[in-house]
Number of protein chains: 2
Amino acid sequence: MSRPSTPPPSKRGRPVGFDRTEVLDRAMRVFWEKGFAATSMQDLIAAMGIASPSLYAAFGSKANLYRAAVEHYVALHEDLVLRAIAMPTARESVEALLRNAVTVFARTDFPSGCMVEQTASEAGDMAPDVMTRLHDMRAANHDNFSMRLRKGLEDGDVPEGADIEAVASFYATIHKGLSLSARGGTGTGELSSVVTSAMAAWPVLTRPREPRR
Amino acid sequence: MSRPSTPPPSKRGRPVGFDRTEVLDRAMRVFWEKGFAATSMQDLIAAMGIASPSLYAAFGSKANLYRAAVEHYVALHEDLVLRAIAMPTARESVEALLRNAVTVFARTDFPSGCMVEQTASEAGDMAPDVMTRLHDMRAANHDNFSMRLRKGLEDGDVPEGADIEAVASFYATIHKGLSLSARGGTGTGELSSVVTSAMAAWPVLTRPREPRR
DNA sequence: TGAATTATGTGTCGTTCGACACAGAAAGCC
DNA sequence: GGCTTTCTGTGTCGAACGACACATAATTCA
């Protein structure tokens, strides 16, 4: 859990002249819109409204700012995810996660798609620790599904013998598909229809199966 | 249908010193691996084995080379797609399309994921005509599903009253999800399991529905 | 108030970007 | 053979890249 935390705000010296969260939010939008490689420092300082030395002092490098921006993205949507997971049954939780995703991915006042999922296509020349962190955040997306399903199994609202990992992989794949669809310009209507279809498959997918095939 | 075709090979003058398909294939791999923005001309001329003026004479610009590379990618897999579509029933065709996708997306001797689908995240500064062409190629992926489903409806192997567009969107979303999963490092096993799940949903999804909801 | 500390804005570093000028090489045409 | 045409490799263009030096401004501590 040793998150690379923000350094403690110093008491002495000239105070920072910008709100860290605010500039991070603006950086997030640019990265979210254009991706890591296609975003230049010029783009960033223009959007963030600070000069590049301030940016480097606060975030270290472009790659690390990207990581921080993705973490800010996750933090922004954490409540939504937690509320979805808190639904009484696994089925309701999974559906809520996907409905939330549609809403977020296709908002017209924000860039399209899921910023976390899209990091998978940023092969990039980023430092290994940044790559690892991005990978972990993608894994966390998958884990949202599998952990909630496992809880459903314990609670009894998911049939005993259901292949939890397979179901989780299925819905995680839908989640990624929704993200990429939204990036391509698909609107809320069609995305919602896909979620409806995916949820219609729930009874079939959670039906108990013989161990392996 | 006015494809921006290759100019006719000239009879006079010094002949071209490289095989166009060969160098296009090498460019494809680099773009496929790193994406458009993260690929530099340096990367390309190194992989293609030709000097940049030759490259520009043959392809015009980096963006246009990218378009040509994606079209080469499509041409490479055309047979596989056609054979899948030629299956006797729509269900078999859809499953074959997805199984093919898994095989292609997770090959270890090639970059991961679908080069066409991934173009959706390359917002880029490419010329409008290139962007349009990439968009059309993505749409063609969707159309593979919807057209084959429509034929199944005519042939009678898809129940009358099935919501073709919804089913097509569902499987197209799975296709995109598989691509993004593969990019993130998911292996053949898990991807195959997702296809199995998606196909298990077939009877439910193709069940006739009342017109709209 | 002066010393110490920290952030800011201007300017610029060396590199690499995408793209091409130019001269020479290799072919067909007469 | 010369003449024309077309392609090739060397070299380099101006612009933009990511990153930072440096002097100055703003704050706390003594």
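To find a chain, count down the sequence lines: A is the first, B the second, and so on, and within it residues start at 1.
Here A:P15 lies in heavy-atom contact (under 4.0 Å) with sugar-phosphate atoms only. In this structure, B:F59 reaches neither bases nor backbone, as no heavy-atom distance under 4.0 Å exists between it and the strands shown.
Between B:Y66 and B:F36, the angle of the ring planes lies from 30° to 60°, which puts this pair in the tilted group.
Residue A:S54 is the one, among A:S54 and B:F36, whose nearest nucleotide of DNA chain C lies closer to the 5' end (criterion: closest heavy atom). If you find the closest nucleotide of DNA chain D to A:D43 and to A:G60, the one lying nearer the 5' end belongs to A:D43.
Donor-acceptor pairing under 3.5 Å is recorded for the side chains of A:R67 and A:N64. Under 3.5 Å, the side chains of A:D43 and A:S40 contain a donor-acceptor pair of N or O atoms.
Here C:dA19 is the nucleotide among D:dT8, C:dA19, C:dT10 with the atom lying nearest to any side-chain atom of B:Y56. Proximity note for B:A51 (side chain, C-beta onward) versus C:dA19, D:dT10, D:dA19: the nearest is D:dT10. Which of C:dT8, C:dA19, D:dA21 sits closest to the side chain of A:P53 comes down to D:dA21. Each of D:dG18, D:dG9, D:dC20 was ranked by its minimum atom distance to the side chain of A:S52; first place goes to D:dC20. Set against C:dA19, D:dA21, D:dT6, the side chain of B:R14 has D:dT6 as its closest nucleotide.
In this structure, the CG atom of A:L65 is 13 Å from the C1' atom of D:dG18, given to the nearest Å. Distance CD1 (A:I45) to P (C:dT8): 14 Å, rounded to an integer number of Å. One interatomic measurement links the two molecules: CD1 of A:I50 to P of C:dG9, which rounds to 9 Å at whole-angstrom precision. For the pair B:L44 CG and C:dT16 C1', the computed distance is 14 Å after rounding to whole Å. One interatomic measurement links the two molecules: CE of B:M41 to C1' of C:dC20, which rounds to 11 Å at whole-angstrom precision. If you measure from atom CG of B:N64 to atom P of C:dA19, you get 10 Å, rounded to the nearest angstrom. Computed from coordinates, the A:K62 NZ to C:dC17 P distance equals 12 Å when rounded to whole Å. Rounded to whole Å, atom C1' of D:dT8 lies 10 Å from atom CZ of B:F18.
Looking at A:S193, its side chain never comes within 3.5 Å of a backbone N or O of A:G189 through a donor-acceptor pair.
Residues B:H175 and B:Y171 keep their aromatic ring centres 6.0 Å or farther apart.
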